[in-house]
Amino acid sequence: MTNLVVEVAVSSTPVYAGNNDGTLSYRVAPELSGQVQMGSLVLVPLGKRRAVGVVVAIKERTDRTELKDVAAVLVKEFLPPEMIEIGRYVAGRYVCPLAVAVNALMPPAAGRRLERRWCWLPSGEEGVNGAISLVSCLPAPAGDVAEYLSRRGAAWESQLLQLGPRREVRAALEALKAHGLVRNEWSWRGMPKERRLPTDVEGAAQAAAVKPDGTGRHITLDAAQLRAATSINAALGRGGTFLLYGVTGSGKTEVYLSCAAEALARGYQVMFLVPEHSLIPQMVTRINQRLEAEVAVVHGELADGERAAVWERARIGKVRVIVGTRAALFTPMPRLGLIVVDEEHAGSYKQDTAPRYDAREVAIKRGQLQRAVVVLGSATPSTEIFYLAGQGKIHLLELPQRAGNAGLPRVEIVDLRAEFHDGHHGILSRRLVEEINGVLTAGRQAILFLNRRGYAPYVLCRQCGHVPLCRHCAVALTYHRDGTLRCHYCGYIERAEGKCPVCGGNLSRLGSGTQRVEEEVRALWPGARILRADRDTTAKKGQWEKIYRTFAGGEADILIGTQTITKGMDFPGVTLVGVVNADLSLYQPDFRARERTFQLLTQVAGRAGRRDAPGTVVIQTYNPQDPAIALAAFQDYQRFYAQEIAMRRRLGYPPFVKLVRLGFTGSDEAEVIAAAHEVAELISNAESNIQVLGPAPGYPSRLKDLYRWQLMLKVPGWSRYKNRLTPILAPYIGRRTIRMIVDVGPINPW
DNA sequence: AGCACGCCGACT
DNA sequence: GTCGGCGTGCTC
């Protein structure tokens, strides 16, 4: 009988320097050996506690002799092999411990957790009396513990710990155990409840409204849509990656649904990914209208039990369609045939905590592993993906026309320099005011977009130059209309003083946020019904849905908002979209600022006049000549892409190099900088082909009391270099005082 | 990440 | 005298 040894990715991850993949080895006792396989969920001893973990490797023997035993096999067939493969891919590509990657693949605990249960052993009056006399010479709370246990027979450890100081109760329990008065065992506390799968109520109602004869489910495609769908369908069962590039309103979703119907008909499972969870309901609605299959949703705000229910039912193939945000990608689906990544260009497909994966790349990998077709869709594809399409590595499918021949909106660019020159200093230009007047007169709706919440982004003393800063971050505080100053990075709030705390001078509120826009709009159109949607008005659950419904139902005239209002929303009554300040996103210190600005303006413009009435878009800017703005006005993606890719090639940015960001944080700035320098040196010396930029401060340079510095690496080819770079970085991963984060292919500025 | 140990200030 | 602050070290 051979001794099996398993590598276990423990879910409460013991990541520390020197334990690179975060996995631990355990011996498998002979009687358990038949029950363990790759992907099994096991219970293992870890220090003084027990932990659950997943078997990621099985070996015959090991050089280590003093291994502990696997305590129990909880679920023999748990993670399917392709999901463990995904875990390895994520860990390798994004430089994180395997255990962290595997953790992302796990269903939530689903209300079950392991806890020690203590039982009282002495029986009969005599036994109890004897025990109690023994207890009197044990550490302090032993009496309380003994009384509690003897009365109930057994209790959970967390209940007992409430009887006194944790430490003493623990000591008392150990002493009682040593005297043979109590016994403990690990068991599951609370069992998962049978749950209804999370789905979308509104969507379900609409699906129910579909007539039983099946009308309403029929999908009519135009020629371009049909060509795209045919190509995709032809790849079902074999796999392949497609970019569905279709201008806004060209009907990409119809293509997805048509292909999904075909995939389902052939017995496959289908996965839809959307950039953020507010977009799930409308996708579910459309799926329910068109497809006859049970749809489940997956996103971060589901209760654990609901997520676990979807996870399990998808794993056994009962759920055939899921719709979710990037985390849904890790739902096991044995018959996966189609993965749709909608709005592929969205930055939210990159996770900004470990594992820092890019859902598009992982989707493609998963497609390869399971021979599933991957369809990335966008009206403004990311430069990297469009480049891959140009290289023939991804099949390009185009939808060049708006469906139903709806025209493109008329886009007007307002030059704020001229506006200023003519003495107009208001937030809304004369042109925009005129357009809003027209919309209100016609009884239509308008959207005003400004990507900045609050009233004034900063406050300044004109006498001494003092600017109130956050106490925890290196950023100016934003003035809010409720008379507070707020940090938009950490949430710190203080009362706004009337006078400068330094010199007593008058404070000016500079710049404009959505609250100021709202104020101005209310002053100009006192009778208009106005809604504002930003993090301050939509933070609580259900608030955004309410605003959305009110506006979509025509019960408001003007919607003012930040980013949230731009994403794929379909408001039929909107004939005017105003971009209050297009320059805000253009001047972020990031090589992707142009791309983001172009995408944002194009998407925003796509919100105007999708139906019968032609739409108008007014873009206010101080830089009307900038290509990102000018080309967005014409919805000219191709020309924008041509300029962008040329710039990337010239300056050495992705896709021509892989960027790797190394972020360093700590409470001692000098040590943070020193660590960054140290790593910079190490890499420069070891790899002359890797360009090391920095150290440079992050933005903000201090966040929540931690200093932030970074290095940016330009790596010629990541798959070649990651195996060389990882060992250099390994000793710095898992350190405590100065932390280093590795972000491969960062999307969002740091 | 937990969870322990261990060494120093403020309180019944 | 204790309670508990978090620095440091360990977990197969």
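In the text below, chain A, chain B and the rest are named by the order of the sequence lines, each starting its count at 1. Worth saying up front: this structure is predicted, and the values here are computed from it rather than measured.
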Roughly how many Å is it from [atom1] in [X] to [atom2] in [N], rounded to a whole number?
| X | N | atom1 | atom2 | result |
| --- | --- | --- | --- | --- |
| A:R735 | C:dG9 | CZ | P | 13 Å |
| A:L46 | C:dC10 | CG | P | 15 Å |
| A:R49 | B:dG2 | CZ | C1' | 4 Å |
| A:E671 | C:dG7 | CD | P | 13 Å |
| A:Y26 | C:dC12 | OH | C1' | 5 Å |
| A:L24 | C:dC12 | CG | C1' | 5 Å |
| A:R50 | B:dG2 | CZ | C1' | 16 Å |
| A:D668 | C:dG7 | CG | P | 14 Å |

### Query
Taking the six-membered ring for Trp, are A:F78 and A:W311 parallel (under 30°), tilted (30 to 60°) or perpendicular (over 60°)?
tilted

#### Entry: Ring-face cation of A:R708 near A:W750 (centre distance under 6.0 Å, axis angle within 45°)
yes

### Message
Less than 4.0 angstrom between a side-chain N/O of A:R739 and OP1 or OP2 of B:dA1, yes or no?
### Response
yes

### side chain to side chain donor-acceptor pair (under 3.5 Å) partner of A:Y94, the single match among A:K350, A:K722, A:E361, A:R356
A:E361

### Task
May I have the step-by-step check of side chain to side chain contact (heavy atoms under 4.5 Å, CB included) for A:T325 and A:V298, ending in yes or no?
CA-CA 7 Å; A:T325 48; A:V298 181; over 6 Å; no

